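I have placed the structure first, in the form of structure tokens, so that the comments after it can refer back to it.
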Amino acid sequence: MSERTVIPFGPQHPVLPEPIHLDLVMEDERVVQAIPQLGFIHRGLERLVKTRDYMHFVYVTERICGICSFGHSYGYSQTIERLMGIEVPMRAEYLRVIWFELSRIHSHLLWMGLAADSFGYENLFYQCWRLRERVLDIFEKTTGGRVILSACNVGGVNYDIDNSELAGISQIIQKLKRDAKPLIKALVKDRSIKDRLVGSGYLSQEDAVKLSIVGPFARASGVEEDIRMFGVGGYGELAEFKPQTSTQGDNYARVAVRCNELLQSCDIICEMIDKIPDGPICEKPKGNPPEAQGIGRVEQPRGEVVYYVKGNGTRFLERFRIRTPTSQNVAGMVQLLQGCELSEVPLNILTIDPCISCTER
Amino acid sequence: MSGTSKSPWIIHYDGSSCNGCDIEVLACLTPMYDVERFGVINTGNPKHADVFLITGAVNERNIGVVKQIYSQMLEPKVVVACGACACSGGIFHDCYNVIGGVDKAIPVDVYVPGCAVRPEALIDAVVAGLGALEEKRAALELASSYEAKELAKAAEQERLAEAASQPLLEEPAKTEEQTDIDINADEEPGE
Ligand code: SF4
């Protein structure tokens with residue numbers, strides 16, 4: 001048996017946009033064990049509920065993660081609304097879904113770019129990011145921010161979009177969908193990309209269930225689970241929703257699932273824009289959160305996020321807690337890394353689409 | 001302007017940022033803003049970098065990493081704090097695990113406001129950073145030329161002092177010179 005060496009990977013590493021440290025125990029070229037070390041981005045923001053009242057805390061939740069920023073404010077608001085029994089106007093629910101799906105498109109395009117870069121396709125990386133700018137332009141036009149939107153609030157949304165502008169957005173999204181197709185074709189059809197992806201980083205359905213993997217990572221292993229299919233909020237208005245799944249469980253399946261989700265999100269946005277009702281956009285909450293506990297779930301681009309809030313009758317919450325997708329998926333990532341080759345490590349890390357900032361908060 | 005200011009290489013480290021500023025840093029490198037047309041290249045190696053872009057506040061865990069990257073970079077170097085968090089801790093300033101802005105760990109040259117920071121502001125900051133880089137280079141060159149002069153002066157004085165304290169040593173030196181000349185004289189006719 002050959003000697004074992006430990007290679008430290010990260011926290012500052014060219015393929016990692018975010019700091020995570022892994023100790024890779026190697027036997028020649030093969031990883032026998034990967035030991036993750038987290039904590040580089042821990043800020044301790046759950047505790048901020050003690051000093052920010054429940055309305056202001058929306059702005060903190062937006063900054064849990066800049067990529068799924070809108071999703072976090074959506075999930076938090078939904079949880080508080082359920083706790084306080086607030087009825088959200090329908091137009092607000094529709095607008096939330098539109099922004100949320102737009103952020104899914106931007107997140108998936110961002111990830112596709114990073115993944116393309118990790119297997120050596122720099123041009124594809126640039127093309128994906130170029131397409132992503134169109135979504136950011138829509139954000140900027142409708143809310144004023146490119147990344148942090150401050151659009152969602154407890155009881156509804158802060159900004160309305162006129163119907164004429166919505167029609168314009170629908171056209172932009174249809175064009176984006178057409179323009180995304182060649183990129184997707186490159187990602188899932190190109191032979192040399194396929195050679196790098198197919199068969200590597202395999203996770204079985206059984207393991208995915210056992211490790212409670214969530215999001216596209218789980219769906220690529222054949223676990224049909226997507227919080228959107230329960231039709232909470234605006235998603236209940238969709239004519240139909242089917243989670244995108246694959247049964248292959250390898251890196252290729254994860255890329256394909258995300259590509260399909262991107263196209264699906266485009267369709268959802270167009271459908272929502274077609275059906276959006278008129279009406280108010282915000283129902284101002286009255287009083288404080290009661291002495292009770294609330295739970296909420298949303299499907300972020302990376303998977304299911306669970307929010308837990310506990311009120312105590314004052315403006316400040318007693319406790320706030322999130323379970324983020326990556327904290328689940330890190331277990332799966334460690335499994336993927338065991339037994340892979342050193343050259344596959346960056347790809348295996350990237351295809352689970354880790355978001356360390358959410359995980360460590 | 002020196003070569004470095006025309007093609008500054010940057011290194012990016014994510015402190016405890018929320019990713020909002022990071023993706024804007026990355027967006028600068030991609031076709032919409034494309035800072036590469038100004039010669040800005042993103043590198044992962046601290047030894048290659050001139051500009052250190054840091055997003056997010058420092059905390060107990062990453063302060064060591066930030067200091068280490070900074071110390072690995074070669075002089076002259078410029079630090080740009082990107083976003084409200086990196087400037088002062090931003091919205092997280094009173095979190096229990098946040099020490100504060102990047103300037104709590106390393107000296108910062110340019111502060112870029114914004115939450116999230118806008119790519120235009122970032123490009124402006126890198127340009128401002130190049131001014132600082134140029135100043136540092138000039139100071140460094142001045143210092144090194146001054147240092148070289150001082151060193152030469154010191155060496156000269158030392159030599160003089162040595163010569164004054166040991167006058168007897170001059171004679172063997174002369175003979176050496178003479179032998180040199182002798183050798184030359186021998187060679188000349190041969191050529
Ligand atoms: S300044 Fe704002 S966007 Fe940037 S890292 Fe901090 S919280 Fe995120």
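In what follows, chains are A, B, ... by sequence order, proteins preceding strands, each numbered from 1. Only this structure's heavy atoms are used, side chains among them; waters, hydrogens and symmetry mates stay out. This is a predicted model, so every value here is computed, not measured.
- Looking at B:C85, there are no atoms closer than 4.5 Å to chain A (heavy atoms on both sides), in backbone or side chain.
- The shortest non-hydrogen separation linking B:N19 to A:C355 is ND2-SG, 3.8 Å.
- No more than 12 heavy atoms of other residues, nucleotides or ligands sit less than 6.0 Å from atom CZ of A:R130.
- Between chain A and the residues B:T55, B:D94, B:V98, the largest count of heavy-atom pairs under 4.5 Å involves B:D94.
- For B:S17, the part lying near chain A is the backbone, with the side chain staying farther off; criterion is any non-hydrogen pair under 4.5 Å.
- In this structure, B:I23 and A:W129 approach most closely via the heavy-atom pair O-CZ3, 3.8 Å.
- Contact annotation for B:A57: neither backbone nor side-chain heavy atoms come within less than 4.5 Å of a heavy atom of chain A.
- For a residue to count as touching a neighbouring chain, one of its non-hydrogen atoms must lie under 4.5 Å from one of that chain's; by this rule A:H56 does not touch chain B.
- Looking at B:E24, the atoms closer than 4.5 Å to chain A (heavy atoms on both sides) all sit in the side chain, from C-beta outward.
- Only the backbone of A:I64 comes within contact range of chain B, with heavy atoms under 4.5 Å apart.
- Proximity to chain B is absent for every atom of A:S69, based on heavy atoms less than 4.5 angstrom apart.
- Put simply, of A:R63, A:R52, A:E62, the one with the most heavy-atom pairs under 4.5 Å next to chain B is A:R63.
- In this structure, no portion of A:E122 lies under 4.5 Å from any heavy atom of chain B.
- Chain A forms the most heavy-atom pairs under 4.5 Å with one residue out of B:G89, B:C18, B:C115, B:S16, and that residue is B:C18.
- Note: B:P119 leads B:P119, B:C21, B:G90 in heavy-atom pairs under 4.5 Å with chain A.
- Applying the 6.0 Å contact sphere to CD of B:E150 captures more than 12 heavy atoms from other residues, nucleotides or ligands.
- Nearest heavy atom pair, residue A:V147 against residue B:G20, reads CG1-CA, 3.7 Å.
- Looking at B:I63, there are no atoms closer than 4.5 Å to chain A (heavy atoms on both sides), in backbone or side chain.
- A:Y126 and B:L29 get closest at one heavy-atom pair: CE2-O, 3.6 Å.
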